[in-house]
Enquirer: 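Have a look at this one.
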4 protein chains.
Amino acid sequence: MPKVFPEYREEAKNRIIKQSVKFFSEKGYYKTKMAEIAECLGVSKGAIYQYFKSKEELFLEVIKFYVEYTQKDLVAFLNSRPPKDISTDEFFDIMFNIEHSTSFENFKILDKLFPPLDFKLAMSELMTSNPLMKEEMTKYYKDSIKLMADYFENYKINGFIKKDIDSFSLSMGITSIQDGLMAAMQMGIEISEIRKSWKEITKMILKSTLVE
Amino acid sequence: MPKVFPEYREEAKNRIIKQSVKFFSEKGYYKTKMAEIAECLGVSKGAIYQYFKSKEELFLEVIKFYVEYTQKDLVAFLNSRPPKDISTDEFFDIMFNIEHSTSFENFKILDKLFPPLDFKLAMSELMTSNPLMKEEMTKYYKDSIKLMADYFENYKINGFIKKDIDSFSLSMGITSIQDGLMAAMQMGIEISEIRKSWKEITKMILKSTLVE
Amino acid sequence: MPKVFPEYREEAKNRIIKQSVKFFSEKGYYKTKMAEIAECLGVSKGAIYQYFKSKEELFLEVIKFYVEYTQKDLVAFLNSRPPKDISTDEFFDIMFNIEHSTSFENFKILDKLFPPLDFKLAMSELMTSNPLMKEEMTKYYKDSIKLMADYFENYKINGFIKKDIDSFSLSMGITSIQDGLMAAMQMGIEISEIRKSWKEITKMILKSTLVE
Amino acid sequence: MPKVFPEYREEAKNRIIKQSVKFFSEKGYYKTKMAEIAECLGVSKGAIYQYFKSKEELFLEVIKFYVEYTQKDLVAFLNSRPPKDISTDEFFDIMFNIEHSTSFENFKILDKLFPPLDFKLAMSELMTSNPLMKEEMTKYYKDSIKLMADYFENYKINGFIKKDIDSFSLSMGITSIQDGLMAAMQMGIEISEIRKSWKEITKMILKSTLVE
DNA sequence: CATGAATGAGTATTCATTCAT
DNA sequence: GATGAATGAATACTCATTCAT
């Protein structure tokens with residue numbers, strides 16, 4: 001009779017979240033079943049409800065977890081070197097998968113390409129009916145953009161990035177490209193095409209952005 | 001119009017599709033209920049099934065409708081003048097809403113901003129379970145990209161766009177930005193922010209793309 | 001705009017019945033759809049309702065039609081010669097299909113093996129809910145048995161069949177064997193096995209029945 | 001019994017099957033509603049789906065249950081004495097109802113005459129659309145015939161039955177008579193008529209079959 | 001008479017959530 | 001805490017039947 005670490009409530013929650021991340025990201029919100037998550041965890045459905053009072057709450061925590069880890073990961077990477085030293089290939093990899101993930105060992109559970117778009121889709125579906133979630137998600141999204149914007153801002157000071165660039169717009173633009181290419185990937189476009197497009201576009205953007 | 005006329009069926013289908021577009025785009029696939037569409041149309045559920053044999057089929061036709069009209073609209077706009085004369089503002093408008101829609105008067109039914117991302121999310125959810133739909137959607141997506149790429153290709157010949165630009169990558173890049181910014185909009189980012197980001201990014205891209 | 005012989009109501013009914021016979025016998029009552037019958041007839045659903053006020057009524061008439069024709073056919077055959085001259089093979093053929101059908105040219109529409117069991121199943125299902133139908137069906141069944149019993153009775157007088165045989169029981173026995181073997185056939189038993197079993201059993205019965 | 005015990009599931013399934021047997025046999029497959037079974041059992045519809053994933057699966061298990069118990073019952077009876085000692089009355093009783101049922105006390109739930117023909121009808125309806133079911137049912141039917149054939153074969157060795165009798169054909173013949181008379185019963189023929197016919201026919205068959 | 005669009009009651013099935021054990 | 005049986009509201013889809021044209 002498996003238990004979800006009775007000693008550590010927090011640890012139990014985390015185990016559930018990490019498992020759920022996989023399901024929600026691979027199958028979307030509606031096609032992910034509570035029973036499925038429970039079974040995969042070797043736990044009863046009821047157990048999950050001990051930690052999360054509903055599927056929506058679980059999903060919300062899953063999103064939080066994902067965004068947080070992704071942000072930390074991205075920031076760690078960005079701060080490791082100035083923008084001109086970042087190759088578009090490396091940047092592509094960090095934006096599109098989690099191979100470079102260094103910050104958290106638990107991230108290993110994300111052992112496959114992570115499709116944030118699916119999250120956003122599920123999120124946007126839920127946001128309609130749940131204003132609380134909407135608020136929360138907007139906050140996360142903005143924080144995420146802000147994080148990258150801060151990085152750019154920092155390099156403006158250092159003289160790597162042109163002064164007249166709006167860091168926030170740039171950050172949002174790059175994030176949008178990532179999201180949009182993710183969508184393209186899901187539409188069935190081959191990864192090589194995605195990568196090529198990414199390189200072309202980021203090259204153009206960097207050319208206008210970086211102080212040469 | 002008398003119901004026995006063959007045109008009637010076509011018109012009835014269109015009426016259903018147009019109504020469904022609203023629901024699917026606003027609420028997503030799963031939260032849109034057949035009963036709801038029917039009620040809004042003032043008909044019984046059964047009536048819808050006379051024209052579409054399942055919710056999935058209806059959704060597929062809704063997508064087709066949207067893509068087709070959007071493409072026609074975009075192409076009409078693009079072909080109306082060379083890239084250097086296209087203001088980013090105009091381009092934004094055409095990419096993000098349908099105010100400029102000139103080709104089809106029926107488009108009036110889309111009286112609000114149209115969120116393609118929701119479609120793509122719903123599509124991607126369905127594509128997993130329905131390989132036929134996957135195939136069809138990939139085709140639509142690629143066609144859509146191709147359309148814009150052809151336009152760029154054309155202006156390469158005319159000397160407006162640099163010869164070394166990969167039209168397909170450029171087209172995919174711009175489409176991706178649009179999709180990604182749509183997502184941002186749904187995440188709760190204000191339209192003014194979206195517009196600003198769009199202008200910044202497209203400006204950068206155009207600078208690298210256009211023959212000055 | 002095809003019509004079901006506007007001139008002759010009776011003829012129109014018959015056309016519908018004959019088409020319906022096929023569907024009901026092949027697919028059973030519940031899986032046969034009114035739309036299907038109509039389409040196959042090249043006629044609208046509404047047209048059928050001009051002649052039969054419901055699916056049940058149509059089915060009832062189909063049964064009547066079948067029983068009547070089968071009876072006439074069987075009697076014609078039986079009366080054509082004394083029991084001792086009837087080979088079990090011939091008897092099998094007449095009982096299990098309608099190749100020998102001589103009485104009605106319209107019978108040609110039954111161009112394949114006819115499965116009375118399906119009828120009886122559908123009938124028995126309907127008989128529960130419709131007492132009127134139950135009564136009617138019982139009458140038909142009894143008439144059918146009686147017909148064969150009369151034939152045996154006749155040959156008792158002629159001295160072909162032993163005096164102490166109960167004609168009605170014999171008739172019912174033979175009919176039952178036929179019905180039961182039909183069921184076996186539908187259970188997936190090969191026709192050769194059915195035929196062999198039929199020959200064995202009828203041989204035994206005839207041996208006890210016929211005056212040698 | 002506490003619900004966590006593994007036996008509970010088995011018992012719950014059996015309770016559902018036994019209730020379903022009644023409905024399916026009395027009303028046929030299509031007129032039996034899941035809601036009806038559930039209500040009669042005093043549970044929700046959902047509960048049934050915890051044990052059977054569809055109506056078809058439930059039906060299949062109902063058939064299995066019936067066939068299995070009937071076979072055991074018949075075999076127990078047949079093996080209790082040689083064919084010449086089996087009165088046609090006793091044989092009728094065992095073939096047509098379950099009064100003699102000795103093997104399983106649970107059989108008590110079948111508190112009324114059991115109509116296998118209805119099953120076979122419903123089965124045949126489903127067999128068309130479900131090849132898996134067809135296969136399974138054919139197997140059951142053949143096994144059932146084989147069982148009785150083995151019994152006859154055994155008595156051929158013992159010298160009770162003539163050597164030149166084909167046991168399989170005989171078994172199929174007798175089974176068919178039973179099925180056919182069941183049909184007659186459902187057509188509204190009185191039980192006394194059925195019994196008389198059964199006795200006449202089996203007498204004839206036994207006369208040709210038994211070594212006197 | 002014929003048509004076929006529309007109806008709407010009916011049904012199997014799903015699944016998040018609860019709660020007795 | 002954990003379990004998993006039970007719940008029941010929700011939903012897509014069917015099809016005989018009707019009726020305006």
Side-chain angles (χ1 to χ4, degrees), chain A residues 1-7 9 12 30-39 42-56 58, chain B residues 1-6 8-9 12 30-38 41-56 58, chain C residues 1-7 9 12 30-39 42-56 58, chain D residues 1-6 8-9 12 30-38 41-56 58:
Chain A
M1 217 161 290
K3 296 189 178 183
V4 188
F5 272 57
E7 307 90 87
R9 211 163 194 287
Y30 289 103
K31 293 215 298 231
T32 296
K33 315 300 176 196
M34 295 301 269
E36 187 172 51
I37 295 171
E39 193 191 22
V43 144
S44 72
K45 276 172 293 171
I48 296 179
Y49 282 88
Q50 216 110 40
Y51 300 99
F52 306 92
K53 73 168 185 291
S54 70
K55 190 183 177 184
E56 275 198 14
L58 171 59
Chain B
M1 161 157 338
K3 292 179 181 177
V4 288
F5 278 54
Y8 179 81
R9 266 194 87 80
Y30 289 103
K31 291 218 302 236
T32 296
K33 312 302 175 193
M34 295 303 268
E36 188 172 50
I37 296 171
L41 237 32
V43 297
S44 68
K45 277 173 293 172
I48 297 179
Y49 283 91
Q50 205 127 39
Y51 300 98
F52 306 92
K53 72 170 183 294
S54 70
K55 191 181 174 184
E56 275 198 15
L58 171 59
Chain C
M1 216 161 292
K3 296 188 178 186
V4 189
F5 271 59
E7 306 89 88
R9 213 165 193 286
Y30 290 102
K31 293 215 297 230
T32 296
K33 315 299 176 197
M34 295 301 269
E36 188 172 49
I37 296 171
E39 193 192 20
V43 144
S44 73
K45 278 172 293 172
I48 297 180
Y49 282 89
Q50 216 109 40
Y51 300 100
F52 306 92
K53 74 167 184 292
S54 71
K55 191 183 177 183
E56 275 198 16
L58 171 59
Chain D
M1 164 159 336
K3 292 180 181 176
V4 289
F5 279 54
Y8 178 81
R9 265 195 88 82
Y30 290 103
K31 291 218 301 235
T32 296
K33 313 300 176 194
M34 296 302 268
E36 188 172 50
I37 296 171
L41 236 33
V43 297
S44 69
K45 278 173 293 172
I48 297 179
Y49 283 90
Q50 205 126 39
Y51 301 98
F52 306 92
K53 72 169 183 294
S54 69
K55 191 181 175 184
E56 274 198 15
L58 172 59

Enquirer: Heavy-atom nearest nucleotide on DNA chain E for A:Ser54 versus D:Tyr49: which residue maps closer to 5'?
Expert: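 In this pair, the answer is D:Tyr49.
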Enquirer: Please report, rounded to the nearest Å, how far the C1' atom of E:dT14 is from the CD atom of A:Glu36.
Expert: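 My rounded result for the distance is 13 Å.
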Enquirer: If you compare every side-chain N and O of C:Tyr51 against the phosphate oxygens of E:dA2 (OP1, OP2), does one of them come in below 4.0 Å?
Expert: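 For E:dA2, OP1 or OP2 has a side-chain N or O of C:Tyr51 closer than 4.0 Å.
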Enquirer: Tell me whether the side-chain N or O atoms of A:Lys45 pair up with the base of E:dT17 as donor and acceptor below 3.5 Å, since no angle test is needed here.
Expert: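 Yes.
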Enquirer: Relative to the 5' end of DNA chain F, which residue comes earlier, B:Lys33 or B:Gly46, by the nucleotide with the nearest heavy atom?
Expert: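 This one resolves to B:Lys33.
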Enquirer: Once you round it to whole Å, what is the distance between P of E:dC15 and CD1 of D:Ile48?
Expert: 18 Å
Enquirer: What's the closest nucleotide to the side chain of D:Lys55 if the choices are E:dT13, E:dT17, F:dT7?
Expert: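 Of all the options, the side chain of D:Lys55 is nearest to E:dT13.
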Enquirer: How many whole angstroms separate atom CD of D:Glu56 from atom P of E:dT13?
Expert: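 Going from CD in D:Glu56 over to P in E:dT13 covers 8 Å.
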Enquirer: Please give, in whole Å, the distance from F:dT3 C1' to A:Met34 CE?
Expert: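 Those two atoms, CE and C1', are 15 Å apart.
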Enquirer: Send over the distance from D:Phe52 CZ to F:dA5 P, rounded to a whole Å.
Expert: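 The distance from CZ of D:Phe52 to P of F:dA5 comes to 13 Å, rounded to the nearest Å.
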Enquirer: Just the rounded figure in Å: distance from P of E:dT11 to CD1 of D:Ile37.
Expert: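 Whole-Å distance recorded here is 13 Å.
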Enquirer: OH of D:Tyr30 versus P of F:dA16: gap in Å, rounded?
Expert: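 The answer, rounded to whole Å, is 12 Å.
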Enquirer: Whether D:Gln50 contacts F:dG4 is assessed here as follows: a side-chain N or O lying under 4.0 Å from the phosphate OP1 or OP2. Is that the case?
Expert: no
Enquirer: Taking CD from C:Glu39 and P from E:dA2, how many angstroms apart are they, rounded to a whole number?
Expert: 18 Å
